[in-house]
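Numbered from 1 within each chain, the chains take letters A, B, ... in sequence-line order. Predicted model only: the values in this text are computed from it and were never measured.
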Amino acid sequence: MFKEYKSLSLPEVDKQILEFWEKNDVFKRSIEERDIDNSFVFYEGPPSANGKPGIHHVMARTIKDIFCRYQTLTGKRVERKGGWDTHGLPIELKVESELGITKEDIGTKISVDDYNKACKETVMRFKGIWDDITVKMGYWVDLENPYVTYEKEYMESVWWLLKQIYDKGLMYKGYTIQPYSPAAGTGLSSHELNMPGAYQDVSDTTVVAMFKATKASDFGWLWSLPVTPPQPPEGGSKTALEDEELPPSGGWGGMMGSEDSSEVHIIAWTTTPWTLPSNTALTVGPKIQYVKVRTKNQYTGEANDVVLAKELVSKWFGGHNQPVIEAMSAPFSGTQLAGLRYEQLLEGPTPTDGDAFRIITGNFVTTDAGTGIVHTAPSFGQDDMAVGKANGIGSLTLVDKQGKFTEDAGLFAGRHVKNYKDDPDYKDVNVDIAIHLKTVGQAFNVAKYNHSYPHCWRTDKPVLYYPLDSWFIKASAVKERMSQLNDTINWQPESTGTGRFGKWLENLNDWNLSRSRYWGIPLPIWRSEDGTEEVCIGSIAELDAAITVANAALGLDQSVPNDLHRPYIDEVVLFQNGKKLVRELDLIDVWFDSGSMPYAQWGFPGPLAPKGGTTEEPPVYQTANPMTYLQLKEYAQKMRTEDATPAEEALWAELSNKQLEGYKFRRQHIVGNFIVDFICLEKRLIVEVDGGVHDTPEAIENGRQRTSILKQKGYQMIRFRNEAVLNDVQQVLGAIKHKMASCPTFTKAMLANGVERVSPFGGRGAFPADFIAEGVDQTRGWFYTLHAIGTMVFDSVAYKNVVSNGLVLDKNGKKMSKRLGNAVDPFKTIDQYGADATRWYMISNANPWDNLKFNEEGIQEVRRVFFGTLHNTYNFLALYANIDGYDVADPKNKMAFKDYPEIDRWILSRLNTLTKEVSELYAAYDATPACRAIENFVNAELSNWYVRQCRRRFWKGEMSQDKRAAYNTLYGCLLQVARLMSPVAPFYAERLYQDLTGAAAGAENVKGTANSVHLDILPSVDESQIDKDLETRMGYAQRISSLTLSLRKADNLRVRQPLQKILVPATDEDFQRHVAAVADIVKSETNIKEVEFLTDGDFLKKSIKANFRVLGKKVGKRMKDVAKLIGANAEAIIKGIETAGEATLSLDGEDLVLVAEDVLIATEDIPGWKVATDGEITVALDVTVTEELAKEGLARELVNRIQNMRKDLGFEVTDRIRVRLQGSPAVEAAATAYKAYISAEVLADSLVLDGDVDGETLELPGEETAVLAVGKV
RNA sequence: UCUGACGUAGCGCAGUUGGUUAGCGCAUCCGCCUGAUACGCGGAAGGCCGGUGGUUCGAGUCCACCCGUCAGGACCA
């Protein structure tokens, strides 16, 4: 029996199915039942559990789930290890605010240990909620064995990776300019800078300072460069000097003489006058044009020659409160100024690390603001530092970390550069600097300026850019390789890969790895105080070895801390070449944590890590040396056959033949110079079974050595006593399984080669990933760190396919935020609408990479339109199949495909087409069109056409061949739909699948189906069932029906009123044949008695137009004329083509031969008839209602009314009834004439005309009336 | 300021290598309760395809510029 439903509650389905999955371990089975050699590798990007999951997480995880489920459906084994990102600033900030402390308090008011404990607790606070949403939304990921970034094994892996990078010379220590909050005493991350409210509009004192150039022989031309007074525009707007190329020097004498400059000042603008004492260079744009302007200092009135960008002259001169141009030179380029020296602006120290106070060039200089000359203080600006470094100008850092001028800063020493201490008497030092410059004649202009400037989110004080020490990964050194590898990655959408990601790679900067925080993975680098000795630790074993060395040298008693976090690791002191090394206090950027996940999730390389801190190649698989091998081989053979103990035999009985989870074990295998009892080479796991002989002290010592050597070679070992094996072999097997789970796997290829390098494989071939997915915001995050580490350490992509999804916005397109209160609660949504409707909506509504405007009404629509329809279709099947006792497995129901009626073959053809299409789309990571195709199939084709056409086949009469065909067909369609939709809607698909296969009821499975749709394999497409002709035909039927109904509508002729015929012009034989084949369908759909074809060419009025697509290619430019000609000669061309197959046009004296494909001929009109046209199809409807047709129409009306009464009276579908009728003469006549028809339709045993019926009075079309009484037999 | 995505009917979206009359769903209007469904069915109306210019015989589609929305980056001298 099929289960019948009253209504559909998707949330209820969720609950039942979740229970089923859990009870039957379906997720696990869906992995384990698949062949491990047929794996599809997926990486779960670790979410941070420190906040609650939002609806956008549901979006991202739906995408991951879909493609993993699809691959499973095709038979792949898809392991999905969950994970948690646990470190990082957001957690620290949260803890700080919860504890009411600041960064400065850590280590004083609270110990680092306690602080980190608080972080650890906080970060997993929401884990339960996350697990809950994961389950409820139907996201399948292994939550039982997740990787956690704060776990020791994970951290050790990260160290190992970092060391690989370090060893390749890709790490260095340098300083970088970072946002720094003097008030809080801490550097700020870009994350903190991007917090809302960080940027505030402020009004700052700005200064255009004048730097006095030093006259040197190379630059004499600048002083003697002639200047000319501006000329009033004559004839044009240009002055004579503009657009002239500059001769380097002296070329102007002939034109107009002028006095040489006595002094030349270079002017530069700054919004942070406090950086002026630290100025060490001026930067000009190499291609920017500059001029020398003669003017007067507006504060001192002295004569003044200044240099600035030509384009910006008008900005600084001639306006209100601005100096006047007395004369101006010809322009010269920035390059020519390079090297010019100037006097230090303010008295103070000079840099010792470079050749300062020069003009240098930099491409970042623009003429958008300022003077086109940038005051450069390398300590306080990122560009400044970069350009300063490139030119070796040195730097001055005359501001300390409290934000005040250092003692040697000269005039302003000791003063805070901003009011960091909330001093009520604070006087703005910037103003004083400006005043000072004005007084000494070094200010060109001083003004207030409004702009937005970043502020510390905690202290609300302005941020400074300040040089801080950092460790970097030299990512820029491998950017070409990263780009190359990126080209092999399939991005969805493509533009994110080539554009957003590709362009980013091209302009890659080095990766600043340092974070001066507490809760994260410590940088495993130890350094001597003078920086000459340095070591990078790559594993716990290495650390252990290094500690041993240090202990010996320094007389300490240190050991490897249990917890690798701060503060414990900070206490470890190492020793190298006579120097004490202490750890660099920084933490590693958390992004490195997550990018390490492909390897660290398995603790790679784990026990295989190189021991002793060497940088040699990781160990390789070694065989015995050839000398001893033959001898060992012989011995091993003997042990296998003759000397095997009962315990060994017993264990071998369980391990041989890949019995244990498909892993191949060997027995008495030679490893190095040893023979081991059992070994699984893929896992490098040795199983030893020991008996009494192993108990002697000598044997124990031997065994210990042996174990140690084998372990060094990279093997894991597990030992059992003979008794254990003999008593409870299952327990032993369990222990082996457990051990194996923690061992990395080695691929066959590696083992076959014998010497292949260890690679970061967890599961078999688990690197690189076939597929990952996250939001676009991860492009520079996780996508990048995965790629960077994969490239640098393994010279490989880390993933082959990647889907990046857009944002989830609220329904008005606004970003969701707690503040605005427009965030959607995923739990509420899923509870209310069910996970499937939510998932389906999110995927089908728009491509995932477009931003989704999340609208609940959309989910409701999906539920109603798609799931509702599908559910009703199933219910329809169930209702009748149960009545007829239909059973799919019954051999009587087996039929050859060719014996199915046309309409069945049509829907099956469509089904196969659908399967093909949807499979291809899923395989191409394109779920949206896949959903839409399924939706269209279910709604438009299966429910609204197939079932509607076939209803009578299901309810009519006894079980027949035709009925069996109908059941088989509908059943097959629903079952396949369940499979196809299962990746997106795993719950309902499961429900439908089980209802169809009877698995839920515990009944025996229908042959060929598993008892969960997620354990099933998608059957391949049966191309032989795809019949494009048939699909075309049915398309005609649908269009003709639609046209006919629209004609009926126009004349107000209800469908219940039969009409005699429609005319369909069909001059094309193919077309006629197609339509004839589906004429019955059209007739029943539209209640028309005949479909007649019009073939009389002369009678029909035809139109012709050019087939642009075809003809355009032939005639090109002349297309327009040709189209016109065709219109003008329509009749002749139609005739020509219909009779001779071609027609000739004369165009510009040339003959143009037209054949059938060059034009489109359509019937537009049938004289004297009402017609409707849709493309090439035209339909005319005979609207005459003859007396006979009217009578039949009335009979149908009566049937309809009686049916309604049956329903109102609550009769069963199968109840027999008696009908008495009294009506107007026409009604009674109709009832008499169609008595048999009416009786049959309404299951009446009798239909009696009676003059005095006490029943319901009804009005029928055409002013007719009837009184009806209906009763059960 | 740079980069990317998006802009098509009231709303959400399709629109193949350029080709004639630009589609779908919802909502709207009109008409239908036909035996699985009113969570339904049929029909209709609704568009300067963001704008301007260009390429072309022909542009929603290709190019340039501009405008708007969103995201990310750089910078804020």
Could you tell me how far apart [X] ([atom1]) and [N] ([atom2]) are, to the nearest whole angstrom?
X	N	atom1	atom2	answer
A:Leu1125	B:C57	CG	P	18 Å
A:Arg951	B:G40	CZ	C1'	11 Å
A:Phe867	B:U37	CZ	C1'	17 Å
A:Glu857	B:C11	CD	P	13 Å
A:Leu1111	B:U20	CG	C1'	12 Å
A:Arg1118	B:C57	CZ	C1'	11 Å
A:Asn944	B:U34	CG	P	16 Å
A:Trp945	B:G42	CH2	C1'	12 Å

Salt bridge (charged side-chain N to carboxylate O under 4.0 Å, His left out) partners for A:Lys853, two or more places apart:
none

When all nucleic acid strands are considered with a 4.0 Å heavy-atom cut-off, which category describes [X]: base, sugar-phosphate, or nothing?
X	value
A:Gly858	nothing
A:Arg1056	sugar-phosphate
A:Ala1106	base

Detail all sub-3.5 Å separations between protein N/O atoms and N/O atoms belonging to nucleotides 2-10 of chain B.
{"residue": "B:G4", "atom": "OP1", "partner": "A:Lys503", "partner atom": "NZ", "Å": "3.2"}

Give a yes/no answer on whether the side chain of [X] brings an N or O atom under 4.0 Å of OP1 or OP2 in [N].
X	N	value
A:Arg1109	B:G19	yes
A:Ser1042	B:G43	yes
A:Lys1120	B:C57	no
A:Arg864	B:A27	yes

Nearest to side-chain heavy atoms of [X], which nucleotide of [options]:
X	options	value
A:Arg1054	B:C41, B:C32, B:U20	B:C32
A:Met1119	B:C57, B:C39, B:C26	B:C57
A:Phe1108	B:U37, B:G12, B:G19	B:G19
A:Asn845	B:C39, B:U17, B:G12	B:G12
A:Arg932	B:G40, B:A14, B:G25	B:A14
A:Ser1046	B:C39, B:G19, B:G43	B:G43
A:Asn1107	B:A14, B:U20, B:C39	B:U20
A:Asn847	B:A14, B:A44, B:C26	B:A14

For the [atom1] atoms, the ones on [N] and on [M], what distance do you get once it is rounded to whole angstrom?
N	M	atom1	result
B:U55	B:C63	P	15 Å
B:U56	B:C62	C1'	10 Å
B:G25	B:U8	C1'	15 Å
B:A9	B:G60	P	15 Å
B:U37	B:G31	P	24 Å
B:A64	B:G4	P	11 Å
B:U17	B:C2	C1'	32 Å
B:C48	B:A59	C1'	14 Å

Centroid-to-centroid, [X] to [Y], below 6.0 Å?
X	Y	result
A:Trp511	A:Tyr784	yes
A:Trp274	A:Phe380	yes
A:Phe954	A:Phe876	yes

Are any of the side-chain heavy atoms of A:Ile267 and A:Thr371 separated by less than 4.5 Å?
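Yes, close enough: below the 4.5 Å cut-off.
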
With no hydrogens and no angle check, do the side chains of [X] and [Y] hold a donor and an acceptor under 3.5 Å apart?
X	Y	answer
A:Trp491	A:Asn486	yes
A:Asn1087	A:Arg1196	yes
A:Ser278	A:Thr275	no
A:Glu861	A:Tyr841	no

Crowded around A:Glu4 CD? As in, over 12 foreign heavy atoms under 6.0 Å?
yes

Spatial distance of atom CG (A:Leu1181) from atom CG (A:Leu1045) [nearest 0.5 Å]:
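Atom-to-atom, A:Leu1181:CG and A:Leu1045:CG are 9.5 Å apart.
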
Using the criterion of both pairing distances under 3.5 Å for Watson-Crick and G-U wobble pairs, give all stems of 3 or more consecutive pairs involving RNA chain B.
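Listed by first number, the stems are B:1-7 with B:67-73, B:10-13 with B:23-26, B:28-32 with B:40-44, B:50-54 with B:62-66.
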
On RNA chain B, more 5' by nearest nucleotide between A:Val865 and A:Arg1201 is A:Val865

Could you check A:Trp504 against A:Phe380 and say which one's nearest nucleotide on RNA chain B is further toward the 5' end?
A:Trp504

Base of B:G35 paired with side chain of A:Gln1203 (donor-acceptor, under 3.5 Å):
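It does, because a donor-acceptor pair links the side chain of A:Gln1203 to the base of B:G35 below 3.5 Å.
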
Between the side chains of A:Glu506 and A:Lys479, is the shortest nitrogen-to-carboxylate-oxygen separation below 4.0 Å, so that they form an ion pair?
no

